[in-house]
Amino acid sequence: MIDPQLLRENPDIVRRSQQARRADAQLVDAAIEADRQRREAIAAFESLRAEQNAHGKQVAAAPKEQKAALVAQAQQLAADVKAAQAAATEAEARFAEVAGGIPNVIIDGVPEGGEDDFVTLREVGTKPTFDFEPRDHLALGELLDAIDMERGVKVSGSRFYFLKGVGARLELALMTYALDTALDAGFTPLITPTLVKPEVMSGTGFLGAHADEIYYLPNDELYLTGTSEVALAGYHADEIIDVSSGPLRYAGWSTCYRREAGSYGKDTRGIIRVHQFQKLEMFSYIDPAEAEAEHERLLAMQEGMLQSLGLAYRVIDTAAGDLGSSAARKFDVEAWVPTQGAYRELTSTSNCTTFQARRLGVRFRGEGGKTAPVATLNGTLATTRWLVALLETHQRADGSVVVPAPLRPYLRGLEVLEPVG
RNA sequence: GGAGACGUCGCAUAGUCCGGUCGAGUGCACCACCCUGCUAAGGUGGAGACCCCGUUUAGGGGUCCGAGGGUUCAAAUCCCUCCGUCUCCGCCA
């Protein structure tokens, strides 16, 4: 939910944001009008209610013989109050619907346009070169007996897989390494629920345009989350939290579920795009004044992870039109995938400013003890997809794969993954 | 799954039987001041969230007793539905 005050006082900022996103700018005027009608309806109801309250006191205080007359007098008033209240409720709902359709206002500097209009901020590391024909991650996974696609499909259908042996161990090693990295940075680990209520799902902004990406269990009215961000954002919903001594930082470990509707034919080979994977997600609740600095910190942690694992990558500043509805800015870190000759997204970090917190009712006490929505930020620290870049980058001619040094302690010292059979 | 109890402004509770004096009392915790020489105690006062009007002031108004409906001039209080918590029983990882 955008800030109604910003909408009222600086509509041009919101309009410009809509234009940068290639979204409907007229929605802004519709929202302003809905807000005006809402306040008008509230004022009408409240003055009637004040009258009714005053009258009620008279009735209570009146001697018995006068009560009947006073009560009769109040009947019309009661009907008016009821009607005015219904009108106010309706006007509020209408405003919420219109204003709720406006995505977060982008931060100055975010590139305008759609998916292809991102700006590359930097390229880091050396792309690996091979004096042999490199195998793709699935070929390697099969050689190592680490990935079993066929049986995944047999058991659960397309885009499902088994991680087996060193594959399973490698994923756990990566996740645990990421968790320790977060721990060292002061994050509190959370293993989160992966089924959440509708209000949490919509509060985090995932039930908008991409609702068909999400698994839903109608019998239980629960959604399967595509990221632990959902549970992490809902964690402090409707709370006033204390961020005066620093942000609240969480590292959420969860399985993630995505329907991948509309991605037929994309990335059908291997585990690049799957229905189920593991992810370690960072999440910060922070004073909005410090949000952009926190965003840089999360990005630095992500880059540190890729660097320590010997992966070449680039950082992109996602264009406005490609942002989720809650994000005001998003950086993606994309790793070089040798057999694709392309950079592929390994992490993403979004600054949701106060947009998500306003919808979820997460507040803090600012100056003078006034409550105000906090800012929320999220960012990936590791996912199953990283295995793709790790296997392909560190492969050798014989199909073995060198384990990057930081992961070795998590694999009982294993330095090389060797082909099986 | 069955039975019962309960859900009140940070925490703990009073109030609900019998609707209006509840504009929600009290204790603890919190903040300010006063008093007091010692790991404190006592006194006085203050303090909630959300929304609307008002120049981001002063101030005024409204809403909030788990959620949503209903009855009524008037609901924490009466009625209905839902959600949650606890206890016991049953069943089962």
Quiz prompt | Residues A:Asp332, A:Thr347; criterion side-chain hydrogen bond (donor to acceptor under 3.5 Å, both in side chains); working and verdict | solution = CA-CA 6 Å; A:Asp332 286 354; A:Thr347 76; over 6 Å; no
Quiz item: Does a sphere of radius 6.0 Å around CD in A:Glu150 hold more than 12 heavy atoms from other residues, nucleotides or ligands, not counting ones at 6.0 Å or beyond?
Solution: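 Open: at most 12 neighbouring heavy atoms sit under 6.0 Å from CD of A:Glu150.
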From [X] atom [atom1] to [Y] atom [atom2], the distance as rounded to the nearest 0.5 Å:
| X | Y | atom1 | atom2 | answer |
| --- | --- | --- | --- | --- |
| A:Glu115 | A:Thr318 | CD | OG1 | 9.5 Å |
| A:Leu170 | A:Leu163 | CG | CG | 8.5 Å |
| A:Gln52 | A:Lys82 | CD | NZ | 11.0 Å |

Quiz item: Between A:His236 and A:Tyr250, what is the ring plane arrangement, given parallel below 30°, perpendicular above 60°, and tilted in between?
Solution: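 Tilted, since the angle between the ring planes falls between 30° and 60°.
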[N] versus [M] - spacing of their [atom1] atoms, nearest Å:
| N | M | atom1 | result |
| --- | --- | --- | --- |
| B:rG48 | B:rG42 | P | 25 Å |
| B:rC38 | B:rA32 | C1' | 22 Å |
| B:rU21 | B:rA76 | P | 9 Å |
| B:rG7 | B:rA14 | P | 8 Å |
| B:rA75 | B:rU16 | C1' | 11 Å |
| B:rG25 | B:rU77 | C1' | 16 Å |
| B:rC50 | B:rC9 | P | 16 Å |
| B:rG66 | B:rG27 | C1' | 24 Å |

Self-check item: Whichever of A:Arg39 and A:Arg49 has its nearest RNA chain B nucleotide further upstream toward 5'
Solution: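 Its nucleotide being nearer the 5' end, the pick is A:Arg39.
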Quiz item: On RNA chain B, nearest-nucleotide positions of A:Ile240 versus A:Ile42: which is more 5'?
Solution: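 Mapping each residue to its closest nucleotide by heavy atoms, the 5'-most match is A:Ile240.
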Assigned partner base of [N], Watson-Crick or wobble definition, under 3.5 Å:
| N | answer |
| --- | --- |
| B:rC18 | none |
| B:rA12 | B:rU26 |
| B:rU87 | B:rA3 |
| B:rA76 | none |

Students often get this wrong, so: under 4.0 angstrom with heavy atoms, is [X] touching a base, only sugar-phosphate, or nothing?
| X | result |
| --- | --- |
| A:Ser47 | nothing |
| A:Gln52 | sugar-phosphate |
| A:Arg358 | nothing |
| A:Lys197 | nothing |

Quiz prompt | Counterpart residues, salt bridge (charged side-chain N to carboxylate O under 4.0 Å, His left out), relative to A:Arg329 (two or more places apart) | solution =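 Applying salt bridge (charged side-chain N to carboxylate O under 4.0 Å, His left out) to A:Arg329 gives A:Asp317.
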Quiz item: Is the distance between the ring centroids of A:Phe331 and A:His295 less than 6.0 Å?
Solution: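 Yes, the ring of A:Phe331 comes within the 6.0 Å limit of the ring of A:His295, centre to centre.
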Quiz item: So where does chain A start and stop touching RNA chain B, 5' to 3', when the test is distance under 4.0 Å to a non-hydrogen atom?
Solution: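 Terminal contacting nucleotides, 5' to 3': B:rG20 to B:rA74.
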